[in-house]
K.L.:
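Dumping the structure here so I can ask a few things about it.
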Amino acid sequence: MEDEMFDQIVAVFHSLVTWVAAGAMVFGGLVPYIPQYRDIRRTQNAEGFSTYVCLVLLVANILRILFRFGRYFETLLLWQSIIMICTMLIMLNLCTSVRTATELSTKRRSFIDFDWSSFWLWSRFLDYMQCVLSFTLMAAYATYLFLDSMLFVETLGFLAVFTEAMLGTPQLYCNYQNKSTEGMSIKMVLMWTSGDTFKTGYFLLTQAPVQFWTCGLLQVFVDFTILFQVYYYSRFPQKPVSHATSHTTSAKAL
């Protein structure tokens with residue numbers, strides 16, 4: 001009797017852990033962007049956040065969804081990709097509206113201008129949507145044509161996870177250019193690090209395709225490099241810190 005009760009408790013606990021892990025996998029990816037979204041809304045300044053992070057995640061998750069047509073993986077990862085795409089579009093919409101409101105230049109940049117110098121720096125959210133839809137249609141058509149090729153499918157899977165592994169590199173470069181991490185939510189990067197560490201462990205435990213966990217390790221490395229930037233630029237400032245900046249930083253620390 002006691003053994004049966006113990007087995008039931010273990011089964012319930014296992015189910016609970018499974019559901020929590022599943023929820024973390026599906027919704028955990030969007031959590032890091034909540035503090036960054038709030039910071040941008042509060043300050044009406046999106047300069048510290050690289051919108052190329054959104055580009056990287058949009059490309060990675062679109063390719064991952066297409067990869068599933070050639071090689072099945074867990075449905076949880078599919079939902080994770082869908083939710084992440086929606087999250088990045090919301091971030092792009094906010095950054096575009098803030099940048100347009102504060103931009104001194106009246107020149108309008110559009111996707112249909114096909115001007116490489118203004119790529120991903122367009123004036124309207126609609127232009128970003130046009131770019132994303134164009135890429136999705138072209139990638140879907142290529143996948144349809146070469147779906148029977150194992151080499152193409154495996155390459156598609158590698159490109160999806162490798163692109164996602166490069167998630168932090170635009171922010172890394174943005175910090176390097178600014179010689180500061182001002183305007184970047186440190187909470188976001190800490191959540192990136194914890195989330196990517198958990199995700200990589202999940203890939204290893206569930207024996208996900210090798211592309212997933214190898215690139216996950218690379219992603220964790222990039223996250224720690226950004227955290228090192230936070231330490232370095234705070235310990236050794238590369239440019240004078242204004243009174244307003246100090247006030248903003250103090251407010252974030254609270």
Side-chain angles (χ1 to χ4, degrees), residues 20 23-58 60-61 79-103 120-129 132 164 166-199 219-220 222-231 233-234 237 239 241-254:
V20 170
M25 282 298 298
V26 174
F27 297 103
L30 67 86
V31 174
Y33 299 96
I34 295 175
Q36 183 67 73
Y37 183 91
R38 294 178 62 186
D39 282 350
I40 295 173
R41 283 288 299 272
R42 178 175 55 83
T43 63
Q44 288 298 297
N45 185 348
E47 293 300 318
F49 175 72
S50 174
T51 54
Y52 288 101
V53 169
C54 301
L55 173 62
V56 168
L57 278 176
L58 285 168
N61 285 283
W79 278 110
Q80 180 195 49
S81 292
I82 294 171
I83 290 173
M84 186 56 67
I85 288 172
C86 295
T87 303
M88 290 303 100
L89 292 176
I90 292 171
M91 288 295 296
L92 270 177
N93 187 31
L94 174 65
C95 292
T96 305
S97 61
V98 168
R99 187 173 61 227
T100 303
T102 58
E103 199 172 45
W120 213 248
L121 296 170
W122 300 305
S123 304
R124 301 177 306 165
F125 176 66
L126 178 62
D127 294 301
Y128 292 94
M129 286 297 299
V132 171
E164 186 175 2
M166 294 295 101
L167 159 66
T169 53
Q171 189 64 56
L172 188 73
Y173 183 68
C174 180
N175 295 341
Y176 174 75
Q177 277 193 317
N178 295 337
K179 303 300 181 186
S180 169
T181 56
E182 177 192 346
M184 180 196 75
S185 172
I186 299 175
K187 292 178 183 177
M188 177 185 73
V189 182
L190 288 172
M191 290 180 186
W192 275 356
T193 306
S194 58
D196 293 337
T197 302
F198 171 80
K199 181 175 64 179
Q219 199 167 352
V220 172
V222 174
D223 294 339
F224 275 104
T225 305
I226 296 176
L227 289 176
F228 174 76
Q229 282 185 321
V230 173
Y231 165 78
Y233 289 134
S234 62
K239 60 182 182 179
V241 180
S242 65
H243 178 73
T245 300
S246 301
H247 179 75
T248 302
T249 306
S250 300
K252 285 181 183 179
L254 295 175

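These figures come from a predicted structure and were not determined experimentally.
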K.L.:
Do side-chain atoms of Thr181 reach the backbone of Asn175 as a donor and acceptor pair under 3.5 angstrom?
P.N.:
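Between the backbone of Asn175 and the side chain of Thr181 there is no qualifying donor-acceptor contact (under 3.5 Å).
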K.L.:
Identify the two heavy atoms, one from Cys95 and one from Thr51, that lie closest to each other, and give their separation to 0.1 Å.
P.N.:
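Smallest interatomic distance, heavy atoms only, reads CB-CG2, 3.8 Å.
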K.L.:
Under the side chain to side chain contact (heavy atoms under 4.5 Å, CB included) rule, collect the residues that match up with Cys174, sequence neighbours excluded.
P.N.:
Ser50, Gln171, Asn178
K.L.:
Who passes side-chain hydrogen bond (donor to acceptor under 3.5 Å, both in side chains) against Glu164, sequence neighbours left out?
P.N.:
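Checked Glu164 against side-chain hydrogen bond (donor to acceptor under 3.5 Å, both in side chains); matches are Arg64, Lys199.
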K.L.:
What residues, two or more places apart in sequence or in another chain, satisfy side chain to side chain contact (heavy atoms under 4.5 Å, CB included) together with Thr225?
P.N.:
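Thr225 satisfies side chain to side chain contact (heavy atoms under 4.5 Å, CB included) with Leu172, Phe221 once adjacent residues are dropped.
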K.L.:
May I ask you to check whether over 12 heavy atoms, not counting those of Phe224, lie within 6.0 Å of atom CZ?
P.N.:
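Result for CZ/Phe224: open.
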K.L.:
When rounded to the nearest 0.5 angstrom, what distance separates CE in Met191 from CG in Asp223?
P.N.:
13.0 Å
K.L.:
First locate atom CG of Leu227, then atom CD of Gln229, and finally report the distance between them rounded to the nearest 0.5 Å.
P.N.:
9.5 Å
K.L.:
As an exercise, state the distance from CD1 of Ile90 to CG of Leu94, rounded to the nearest 0.5 Å.
P.N.:
10.0 Å
K.L.:
Could you state the interatomic distance from CH2 (Trp192) to CD1 (Ile186), rounded to the nearest 0.5 Å?
P.N.:
12.5 Å
K.L.:
Which residues pass the side-chain hydrogen bond (donor to acceptor under 3.5 Å, both in side chains) test with Tyr37, not counting sequence neighbours?
P.N.:
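Applying side-chain hydrogen bond (donor to acceptor under 3.5 Å, both in side chains) to Tyr37 gives Arg41.
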K.L.:
Does the side chain of Val189 reach to within under 4.5 Å of the side chain of Val230, using non-hydrogen atoms?
P.N.:
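No. Closest side-chain heavy atoms not under 4.5 Å.
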K.L.:
Minimum heavy-atom separation for Asn45 to Val98, with atom names?
P.N.:
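In terms of heavy atoms, the two residues are closest at N-CG1, 3.7 Å.
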K.L.:
Residues two or more places apart in sequence or in another chain: which of them pass ring pair (Phe, Tyr, Trp, His ring centres under 6.0 Å) with Tyr128?
P.N.:
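For Tyr128 the ring pair (Phe, Tyr, Trp, His ring centres under 6.0 Å) partners, ignoring immediate neighbours, are Trp120, Trp122.
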K.L.:
Got a sec, which residues hit salt bridge (Lys or Arg N to Asp or Glu O under 4.0 Å) with Arg124, two or more places apart in sequence or on another chain?
P.N.:
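For Arg124 the salt bridge (Lys or Arg N to Asp or Glu O under 4.0 Å) partners, ignoring immediate neighbours, are Asp127.
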K.L.:
How about Tyr33 and Met88: do any of their side-chain heavy atoms sit closer than 4.5 Å?
P.N.:
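With C-beta onward as the side chain, the pair touches.
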K.L.:
Has Thr100 got a side-chain atom pairing as donor or acceptor with Ser97's backbone, closer than 3.5 angstrom?
P.N.:
no
